[in-house]
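Taking it in order: structure first as structure tokens, then the write-up.
Counting convention: from 1, in listed order, for ligands and their atoms alike. Only heavy atoms go into these numbers, but all of them, side chains included; no hydrogens, no water, no symmetry mates.
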Amino acid sequence: METYDLITRNAEEVVTDEEVRELADEPDGTRAYVGYEPSGVLHLGHLLTANKLIDLQDAGMEVVVLLADVHAYLNGKGTFEEIRETAEQMKAQFIAYGLDEDNTEFVYGSEFQLDEEYTLDLHELELATTLNRAQRAMAEIQGGETAKVSHVVYPLMQTLDIEYLDLDLAVGGLDQRKVHMLAREELPELGYDVRPALHTPIIADLTSGEGKMSSSEGVTISMEDSTEELEEKVNSAFCPPTRDPEGDLENPVLELFEYHVFPRFDEIVVERPEEYGGDLTYDDYETLAADLESGDLHPADAKGTLATYLDELIAPGREKLREIRA
Ligand code: IYR
């Protein structure tokens, strides 16, 4: 696959395409990052951006994972001590999942975000940004009436992270888009360069096919799920025989094949008894989706196969969690 295609595959958007093409021309030595508010157990939302980081490593980029402990603190996720403990577990799960340990820099936010220079830049950004602008940037991450002062500081710090971690590309789910747009506007105010951003899609809820799948809303799959729990969740997933259900709905089973399974496996085998036509082998998502639509692949077989491959992906992280907790 061409470097540009590998960098951008399965991305919902890149800002801007021209800037990302430039990176793709000479990826060696360029640095890309995702920041995560630490949480003890990874779920599919984390793994979707992790898949992109693996693509970027394969494309020759250096990858930085920001364990955003200060951000989690600002977002009310607990004491620093609690947050750091979950951050260590998170790191172990990412490595078990397949991030290259020797080629991934894990950085705690608190390692640099409390330095004097960073703090002074932060205050300069606070002065340059209206409350309204910062709040709008945060709407997808922490909205509503309960917004605290910390929630408007949060996106300004995320903006500075891009400069202070010396990055060439900011990666995140589509929910990070407004913060990255703010960063593109504000970094030049401080005399820093604008950096491109790449956003992964938000996957639909497993059971309904609508909205956003995350640990807080709806059903997701996590590193904690046993094989049986995982099978149960996948078997009760919404899976109409089309990739484009009516209205705003998505087909979450197909989405999981597209964004989680095909990027990590060269070949997918659907095991079927001879009397039902025998095994089916797929090396790309499109063919599998077309077979589901035509009826050549039954939703029940698709689900069984999906559960098997997802289980293989989360098994090492599940084992790691067991060790940590033992
Ligand atoms: N806002 C992210 C966490 C985060 C991301 C980046 I990229 C940072 O530089 C800092 C924090 C979230 O919603 O999880």
Q. Nearest protein heavy atom to atom 8 (C) of ligand 1, by residue and atom, and its distance?
A. Q158 CG, 3.1 Å
Q: Evaluate whether atom CD of E293 has more than 12 neighbouring non-hydrogen atoms of other residues, nucleotides or ligands under 6.0 angstrom away.
A: yes
Q: Give me the ring orientation class for F80 and Y73: parallel if the planes are under 30° apart, tilted from 30 to 60°, perpendicular past 60°.
A: parallel
Q. Can you check whether F94 and Y36 have ring centres sitting under 6.0 Å from each other?
A. yes
Q) Is any N or O atom of Y154, backbone or side chain, closer than 3.5 Å to an N or O atom of ligand 1? A) yes
Q: Compute whether any side-chain donor of one residue and acceptor of the other, for Y154 and E37, lie under 3.5 angstrom apart.
A: yes
**Q.** Enumerated ligand 1 atoms positioned under 4.0 Å from heavy atoms of D161
**A.** 8 (C), 9 (O), 10 (C)
(Q) Counting only heavy atoms closer than 4.0 Å, does ligand 1 sit against the backbone of E37, its side chain, both, or neither? (A) both
Q: Return the residue, atom name and 0.1 Å-rounded distance of the protein heavy atom closest to atom 13 (O) of ligand 1.
A: Q176 NE2, 2.9 Å
Q) At a non-hydrogen distance cut-off of under 4.0 Å, which region of L66 contacts ligand 1 (side chain, backbone, both, or neither)? A) side chain
(Q) Does R9 qualify as a cation-pi partner of Y4, given the criterion of NZ or CZ under 6.0 Å from the six-membered ring centre and within 45 degrees of its axis? (A) no
**Q.** Check: Y164 ring centroid to Y118 ring centroid under 6.0 Å
**A.** yes
Q: Kindly identify the option in Y164, Y33, Y36 whose heavy atom sits closest to atom 7 (I) of ligand 1.
A: Y33
